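Read through the structure below, which is laid out as structure tokens, and then see the notes.
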Amino acid sequence: MTSLPTAFLALPLPIVQLSLSAVLKCGQSFRWTAYSLNIDSENACLPTHEYRFCLRDRVVCLRQTPTSILYRTVLPNPQPNVDQRKLHEAETLLWLKDYFQLDVNLASLYEEWGSRDKVFSEIKDRFSGIRILRQDPWENLISFICSSNNNISRITKMVQNLSKEYSSPLLSLSVPDGSGVEEIYHPFPPPSALAHPDVSARLRSLGFGYRAEFIHRTAKMLVETHGNTVHPREQDESSEQWLRTLRDMNTEDARAELLKFVGVGRKVADCVLLMSLGKTDVVPVDTHVYQIAIKYYGMKASPKGKMNMTPKLYEELSTKFVQVWGGYAGWAHSVLFTSDLKSFSLHGLPPPMSPLSTPTKNRKKRSREMTDLVPTFSTPPSTSSLSDSSTATEFACSKSPAERVKKRARK
DNA sequence: GCACTACCGTGT
DNA sequence: CACGGTAGTG
């Protein structure tokens with residue numbers, strides 16, 4: 001089962017376009033493992049870490065230099081010949097471009113957000129290279145059902161336990177820190193593996209808490225509704241493929257589909273819309289985002305001082321951030337969110353001035369500063385050059401019948 | 001539509 | 001008590 005190492009290939013990419021260390025451990029995906037490389041010299045051009053991710057049929061290993069991403073593919077035995085190996089590396093390269101969405105120019109977006117928003121311009125140079133991954137919707141959905149009322153380190157453990165418990169080991173590989181230790185890599189399990197009757201009890205005993213039932217019922221419903229026949233070529237189940245078709249749906253319809261699952265509320269649905277269904281403008285709102293809005297965007301704090309996230313407040317925050325940042329608001333939000341995780345070094349910023357919801361009209365002295373802070377508050381969302389056609393259409397369809405569809409009862 | 005409350009487990 | 005919420009009530 002042990003696989004032999006192969007050489008790394010290089011994909012030229014400026015570090016401002018992608019920071020692996022920031023993106024892979026910031027709570028988007030919970031299945032990347034990071035290893036220190038024990039660099040003896042202080043050469044800043046050498047990678048300090050390696051990151052690994054197990055796909056259905058291979059393990060992808062990544063390192064980063066200031067000017068490129070180094071990648072290599074590890075396959076299970078039997079090992080392919082040289083020609084087959086080249087094909088696999090070509091496939092991995094295509095996967096990388098898709099997964100990291102490298103056709104999106106992140107540096108341009110940072111400029112755009114910085115010119116729209118003073119708060120963003122203050123942090124953008126310290127938190128560069130943070131982009132939204134384009135994940136597999138099935139893994140993304142289950143991972144974020146785990147995320148409710150939870151923290152990153154525990155979510156990571158849960159998702160890894162899920163993989164270890166419900167999918168066969170693909171291969172093992174020695175860790176790159178020179179210790180000689182071998183690690184076993186598991187893909188993310190398919191829906192049918194989690195739809196089995198005794199799954200929820202087992203997950204309970206694995207420490208999943210009340211999310212155990214959510215996961216089981218979601219998997220069961222998905223398999224019952226959309227099947228588990230395995231596509232001969234794609235290698236994945238029909239319900240996983242169906243989830244991917246939500247990418248072709250408009251935001252409101254896709255969200256309505258996601259909300260049908262147990263354990264999926266507005267916040268989790270929006271995370272999936274943003275992180276695996278390509279809805280770039282969706283801003284998932286949680287308590288952190290609310291705090292950020294209060295501290296730096298003049299959002300009025302709740303009268304009672306409680307953090308009650310009502311649907312109304314959620315909608316208000318979400319739409320206002322779209323007004324601030326535009327068609328890629330969800331991407332911008334993740335930069336702010338990541339900087340907040342690193343316990344916010346925003347001290348030099350001016351105090352919050354502009355109420356996000358209701359601007360005070362009798363304070364002219366402040367109205368100028370408000371304009372300074374958030375120049376685009378009163379202007380409609382931009383559908384400028386940065387937004388591609390699919391994003392523009394998202395703004396276009398403002399109402400949809402599916403928005404009114406209620407979460408139907410299930411047994 | 002809207003405001004509660006319980007909830008599994010971990011960290012402070 | 002809070003935590004990167006949600007389902008179930010009234």
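Order of the sequence lines sets the chain letters (A, B, ...), proteins ahead of strands, with each chain counted from 1. Predicted model, so just to flag it, every value in this text is computed and none were measured.
- Looking only at atom types and distance, the side chain of A:N105 has a donor-acceptor partner in the side chain of A:Q17 under 3.5 Å away.
- A:V289 comes within 4.0 angstrom of no nucleic acid atom, judged by non-hydrogen atoms across all strands.
- The interatomic distance linking A:H288 (NE2) with C:dG5 (C1') rounds to 13 Å, in whole Å.
- For A:K267 against C:dG4, a side-chain N or O and a base N or O form a donor-acceptor pair under 3.5 Å.
- In this entry the distance linking CE of A:M309 with P of B:dG1 reads 19 Å, nearest Å.
- Within the nucleic acid shown, A:I152 comes within 4.0 Å of at least one base atom, counting heavy atoms only.
- For A:W32 and A:Y51, the ring centers are positioned 6.0 Å apart or more.
- Classification of A:K300 and A:E316 as a salt-bridged pair holds, one side-chain N sitting under 4.0 Å from a carboxylate O.
- Per the geometry, CG belonging to A:N149 stands 13 Å off P belonging to C:dA7, to the nearest Å.
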What protein N or O atoms touch nucleotides 3-5 of chain B N or O atoms at under 3.5 angstrom, if any, and at what distances?
none

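- Residue A:Q291 contributes atom CD, which lies 11 Å from atom C1' of C:dA2 at whole-angstrom precision.
- Both tests hold for A:R52 against A:Y35: distance to the six-membered ring centre under 6.0 Å, angle to the ring axis within 45°.
- Taking atom CG on A:N150 and atom P on C:dC3, their separation rounds to 13 Å, with Å as the unit.
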Quick one: the dot-bracket string of DNA chain B, using Watson-Crick and G-U wobble pairs with both distances under 3.5 Å, [ ] for crossing pairs and | for bases paired to another strand. .||||||.|||.
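- Donor-acceptor pairing under 3.5 Å is lacking for the side chains of A:T310 and A:N308.
- If you take CG of A:N151 and P of B:dC8, they are 17 Å apart, rounded to a whole angstrom.
- With sequence neighbours excluded, the residues forming a ring pair (Phe, Tyr, Trp, His ring centres under 6.0 Å) with A:Y110 are A:W113, A:F120, listed by chain and number.
- In this structure, a donor-acceptor pair under 3.5 Å is absent between the side chains of A:E183 and A:S172.
- For A:R154, counting side-chain heavy atoms from C-beta on, the closest listed nucleotide (B:dG11, B:dG9, C:dT6) is B:dG9.
- Per the geometry, CG belonging to A:D286 stands 14 Å off C1' belonging to C:dA2, to the nearest Å.
- Exactly one residue among A:R56, A:R31, A:R134 makes a salt bridge (Lys or Arg N to Asp or Glu O under 4.0 Å) with A:E139. That residue is A:R31.
- Interatomic distance, CZ of A:R63 versus OG1 of A:T48, reported as 10.0 Å (0.5 Å rounding).
- At a non-hydrogen distance threshold of 4.0 Å, nothing from residues 133-148 of chain A comes into contact with DNA chain B.
- OP1 and OP2 of B:dT10 both lie 4.0 Å or more from every side-chain N or O belonging to A:S153.
- Side-chain atoms of A:N140 and A:S276 form a donor-acceptor pair, as typed in the model, at a separation below 3.5 Å.
- A heavy atom lying under 4.0 Å from DNA chain B marks the following residues of residues 194-214 of chain A, by number: A:R204, A:G207, A:G209, A:Y210, A:R211.
- For residues 144-173 of chain A, the pairs satisfying salt bridge (charged side-chain N to carboxylate O under 4.0 Å, His left out) are A:E165-A:R202, with sequence neighbours left out.
- Taking the ring centroids of A:F261 and A:F214, they lie at or beyond the 6.0 Å cut-off.
- Protein atom NZ of A:K260 is 18 Å distant from nucleotide atom P of C:dT6, rounded to whole Å.
- Side-chain contact, A:T156 with A:S153: no donor N or O sits under 3.5 Å from an acceptor N or O.
- Salt bridge annotation for A:R244-A:D136: present, with a cationic side-chain nitrogen under 4.0 angstrom from a carboxylate oxygen.
- With both ends at atom P, the span from C:dT6 to B:dG11 equals 23 Å, rounded to whole Å.
- In the model, A:D236 has a side-chain atom that pairs as donor or acceptor with a side-chain atom of A:Q241 under 3.5 Å.
- Here, C:dA7 and B:dT10 have their C1' atoms 22 Å apart, quoted to the whole Å.
- When the P atom is compared between C:dC1 and B:dT5, the two are found 14 Å apart, to the nearest whole Å.
- Nucleotides B:dA6 and C:dA2 are separated by 16 Å at their C1' atoms, to the nearest Å.
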